[in-house]
Amino acid sequence: MKVLYFAWLRTRIGVAQEVVEPPAEVTTVGGLVEWLKTRGPTYASALANTKVVKVAVNQEYVPYDHPVGPGDEVALFPPVTGG
Amino acid sequence: MKVLYFAWLRTRIGVAQEVVEPPAEVTTVGGLVEWLKTRGPTYASALANTKVVKVAVNQEYVPYDHPVGPGDEVALFPPVTGG
Amino acid sequence: MTVRVQAEDFDVGAEIDALTRDRHTIGGVTAFVGLVREIAGGDAVSAMTLEHYPGMTERQLEAIEAEARRRWPLDDVLLVHRYGRLEPGDRIVLVLTASAHRQAAFESCHFLIDWLKTKAPFWKREETPQGDRWVEAKDSDDTAAARWAENPVWPGG
Amino acid sequence: MTVRVQAEDFDVGAEIDALTRDRHTIGGVTAFVGLVREIAGGDAVSAMTLEHYPGMTERQLEAIEAEARRRWPLDDVLLVHRYGRLEPGDRIVLVLTASAHRQAAFESCHFLIDWLKTKAPFWKREETPQGDRWVEAKDSDDTAAARWAENPVWPGG
């Protein structure tokens with residue numbers, strides 16, 4: 001599973017993208033975020049407030065109960081500020 | 001008093017502008033329009049429906065009870081269709 | 001504040017550049033460009049001629065521009081309206097509004113073009129296969145303009 | 001239908017010309033140009049950098065453009081959004097909508113920019129005298145976008 005980070009999530013975690021292999025129990029976006037927090041203090045801190053962590057799976061916005069699986073591209077980012 | 005005509009009022013009356021000297025009883029826009037109608041059949045016909053005859057005095061839109069006098073520039077025209 | 005009534009065409013990109021150059025308080029510019037359509041009221045239109053009232057037309061445009069600036073916080077406004085004979089695809093009118101905030105730029109631009117359609121002294125004559133005809137005022141334009149009325153007395157009306 | 005996400009600047013006049021050339025059914029074009037302001041949140045901004053999500057950003061812009069075309073009778077639409085480092089006065093975004101009727105052109109253009117502000121995957125980082133900072137989402141932008149919701153499910157959201 002490929003995970004991408006944008007904006008201050010990228011700068012705080014210090015990674016733009018990585019390939020991860022979460023355990024089989026991780027089947028949703030919410031489960032993935034909780035598992036990522038266990039990977040170290042920078043993850044735990046950057047992902048602490050999930051209100052400001054938006055998610056896209058395969059380049060579509062999804063809610064936290066959306067399923068995720070091995071072949072997916074998952075992106076985590078703050079609320080957008082374009083225009 | 002100078003009177004200007006625009007759009008189909010101009011083409012129907014056949015005059016773009018003229019200098020007129022209405023009698024002293026003519027003191028309002030409404031009075032002027034009624035007096036102009038007496039000047040010939042093209043005036044009477046073109047000015048018959050005053051709902052579609054708008055008026056400006058000295059380049060400002062005015063209602064029919066607005067005063068007019070010798071030095072004024074009075075314009076008669078149909079509802080505008082610009083833009 | 002700029003108002004121009006002219007026979008010549010205008011250059012939208014150049015006008016936006018002139019309005020915004022070195023003015024870094026502007027966050028957004030809204031532009032409206034009106035064009036001559038080839039169809040009007042179901043008939044083919046090969047050309048149209050716009051008549052205006054020199055002097056009064058400029059005065060009325062200046063008055064409504066001042067009204068827009070009174071109602072919205074605008075950095076600048078430009079109104080350009082052409083007269084004379086125009087063919088389908090030709091530009092007729094340009095409204096530009098610049099503001100720190102996009103909502104003000106949008107609303108004031110929309111207000112100005114709705115007003116121009118109903119209160120600016122211009123009259124259109126269309127050339128169609130059935131002959132020439134003066135265009136009649138549209139109720140829908142009056143309705144569009146009426147929604148901007150703050151009170152029953154409309155500026156300039 | 002055209003969506004472009006690019007580092008390069010764009011030419012507003014040339015884009016309007018390309019959109020309207022030889023298309024005589026178009027009665028009006030509304031354009032919105034967003035510019036970098038020198039002040040944000042009360043602080044001086046010397047530059048900003050826009051980050052995007054290549055692939056997803058284009059997809060989301062295409063989806064909202066299709067939504068605008070579904071809601072309004074549009075002859076054409078153009079969305080151009082830049083990324084990378086920009087300075088005060090630089091152009092950020094261009095929205096063009098063309099329609100037979102000005103009301104449709106205005107509403108769809110306003111809809112698109114309100115949506116771009118709240119749903120398009122772009123993130124701004126500002127350079128200020130106090131250092132660099134990521135811009136936080138504004139509640140006022142969410143409010144602006146919410147008024148276009150036809151139902152509780154927002155497209156793409």
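Note: hydrogens, waters and symmetry copies are ignored here, and every other heavy atom, side chains too, is used. On a predicted model such as this, the values are computed, not experimentally measured, just so you know. Chain A is the first sequence line, chain B the second, and so forth, proteins listed ahead of strands; every chain is numbered from 1.
- Minimum interatomic distance between A:Y61 and D:P121 (heavy atoms only, all atoms of both residues): OH-CG, 3.6 Å.
- The heavy-atom pair separating A:T11 from D:W134 by the smallest distance is OG1-NE1, 3.4 Å.
- Aromatic ring orientation, D:W123 versus A:F6: parallel (interplanar angle below 30°, classes split at 30° and 60°).
- Note: A:P78 leads A:P78, A:A75, A:P79, A:P63 in heavy-atom pairs under 4.5 Å with chain D.
- Per-residue heavy-atom pair counts under 4.5 Å with chain A were compared for D:T49, D:T57, D:V135, and the maximum is reached by D:V135.
- When every heavy atom of D:T118 is checked against every heavy atom of A:V80, the shortest pair comes out as O-CG2, 3.1 Å.
- Not a single donor-acceptor pair under 3.5 Å links the side chain of A:T81 to the backbone N or O of D:A137.
- Rounded to the nearest 0.5 angstrom, A:W8 CH2 and D:E51 CD are separated by 12.5 Å.
- A side-chain contact (heavy atoms from CB on, under 4.5 Å) with D:M56 is found for exactly one of A:E73, A:Q59, A:E60, namely A:Q59.
- Counting heavy atoms of neighbouring residues, nucleotides and ligands inside a 6.0 Å radius, atom CD of A:E18 exceeds 12 of them.
- A:N58 approaches D:R59 most closely through the heavy-atom pair O-NH1, 3.7 Å.
- Counted within 6.0 Å of CD on D:Q130, heavy atoms from surrounding residues, nucleotides or ligands total more than 12; the atom is thus considered enclosed.
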